[in-house]
Amino acid sequence: QVQLVESGGGLVQPGGSLRLSCAASGSIFSINVMGWYRQAPGKQRELVAAITSGGSINYADSVKGRFTISRDNAKNTVYLQMNSLKPEDTAVYYCNADYKEWPKGPIKSHWGQGTQVTVSS
C-alpha cells in the first residue's frame, strides 16, 4: 500500500506561478519514476513531466521552458514548479509513482487523487 499526497493547486491569473508537491509514503522499497499528468475537460489524460530515480526527465512539449520537475529521493517527494501559466494549463493534475515494495518484487503503479489548477483572469 502506498499513499500519494498532493498539494499546491488553486486559482491563478495568466502569467502567474504555482508549485505542486506530491509525497509518497507507505510500503516502498524504491521508486522507479514519479511524474505529473493532467486532464483538461473533454481531453485525455496526458503526461506533463516525469523524473526517474536516476534523474532522467521528460517534459511535454507544451510545458518545456515553463515548468520544472524536481525530486527529493530521501523524502519520496516530487515537485512541479509551474511558471508563466496559461489558460490552456487549466486541468486536474495527477501525481503518479511506479515503485517496488521489495527488491525482487513487481513494479507497481499508484495514482494520487488529483489537484485542480485553474488559470483564469
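Under the 3.5 Å distance criterion, the side-chain polar atoms of Thr77 are matched with a main-chain donor or acceptor of Lys75. A distance-only check finds no donor-acceptor pair linking the side chain of Thr118 to the backbone of Thr90 [under 3.5 Å]. A donor-acceptor distance shorter than 3.5 angstrom exists from the side chain of Glu101 to the backbone of Gln1, with no hydrogens or angles considered. A donor-acceptor pair is defined here as one N or O able to donate and one able to accept, closer than 3.5 Å; no such pair exists between the side chain of Arg45 and the backbone of Tyr93. At distances below 3.5 Å, at least one donor-acceptor pair connects side-chain atoms of Glu6 with backbone N or O atoms of Gly114.
The aromatic ring centres of Trp36 and Phe67 sit 6.0 Å or more apart.
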Run the side-chain contact (heavy atoms from CB on, under 4.5 Å) check on Lys100 and Ile107 step by step: do they pass?
-> CA-CA 5 Å; Lys100 289 184 176 181; Ile107 297 175; 3.8 Å; yes
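Proximity of Met82 to Ser17: side-chain heavy atoms (C-beta onward) are nowhere separated by under 4.5 Å. Contact annotation: the side chain of Tyr79 never approaches that of Ile69 to less than 4.5 Å [non-hydrogen atoms, C-beta and beyond]. A 4.5 Å side-chain heavy-atom check between Leu47 and Asn58 finds at least one atom pair inside the cut-off. Looking at Pro87 and Ser120, their side chains never come closer than 4.5 Å, going by heavy atoms from C-beta outward. The shortest distance between side-chain heavy atoms of Met34 and Cys95 falls below 4.5 Å. The side-chain heavy atoms of Tyr59 and Thr68, taken from C-beta on, include a pair separated by under 4.5 Å. With a 4.5 Å cut-off on side-chain heavy atoms, Val78 and Ile51 count as touching. Taking the side chain as every heavy atom from C-beta outward, Ile31 and Asp98 never approach each other to under 4.5 Å.
Among all heavy-atom pairs drawn from Ala97 and Tyr99, the shortest one is O-CD2, 3.9 Å. Between Leu85 and Val12, the closest heavy-atom pair is CD1-CG1, 3.5 Å. Contact record, Leu4 with Gly112: CD1-N, 3.5 Å, taken as the closest heavy-atom pair.
Note that the CZ atom of Phe29 and the CH2 atom of Trp102 stand 10.5 Å from one another [nearest 0.5 Å]. Taking OG1 from Thr115 and CG from Leu80, the interatomic distance works out to 11.0 Å, rounded to the nearest 0.5 Å. Here CD of Gln81 is found 9.5 Å from OG of Ser21. Values are rounded to the nearest 0.5 Å.
For the pair Asp61 and Lys64, the salt-bridge criterion is met [side-chain N within less than 4.0 Å of a carboxylate O].
Between the side chains of Ser25 and Asn76, no donor N or O sits under 3.5 Å from an acceptor N or O.
Both Val92 and Trp111 belong to a single network of hydrophobic side chains, linked directly or stepwise wherever heavy atoms of I, L, V, M, F, W or Y lie under 4.5 Å apart. Side-chain heavy atoms closer than 4.5 Å link hydrophobic residues (I, L, V, M, F, W, Y) into clusters, and following such links, possibly through other members, connects Val63 to Leu18.
For the side chain to side chain donor-acceptor pair (under 3.5 Å) with Ser62, the qualifying choice from Glu88, Arg38, Glu46, Lys86 is Arg38, the only one to do so.
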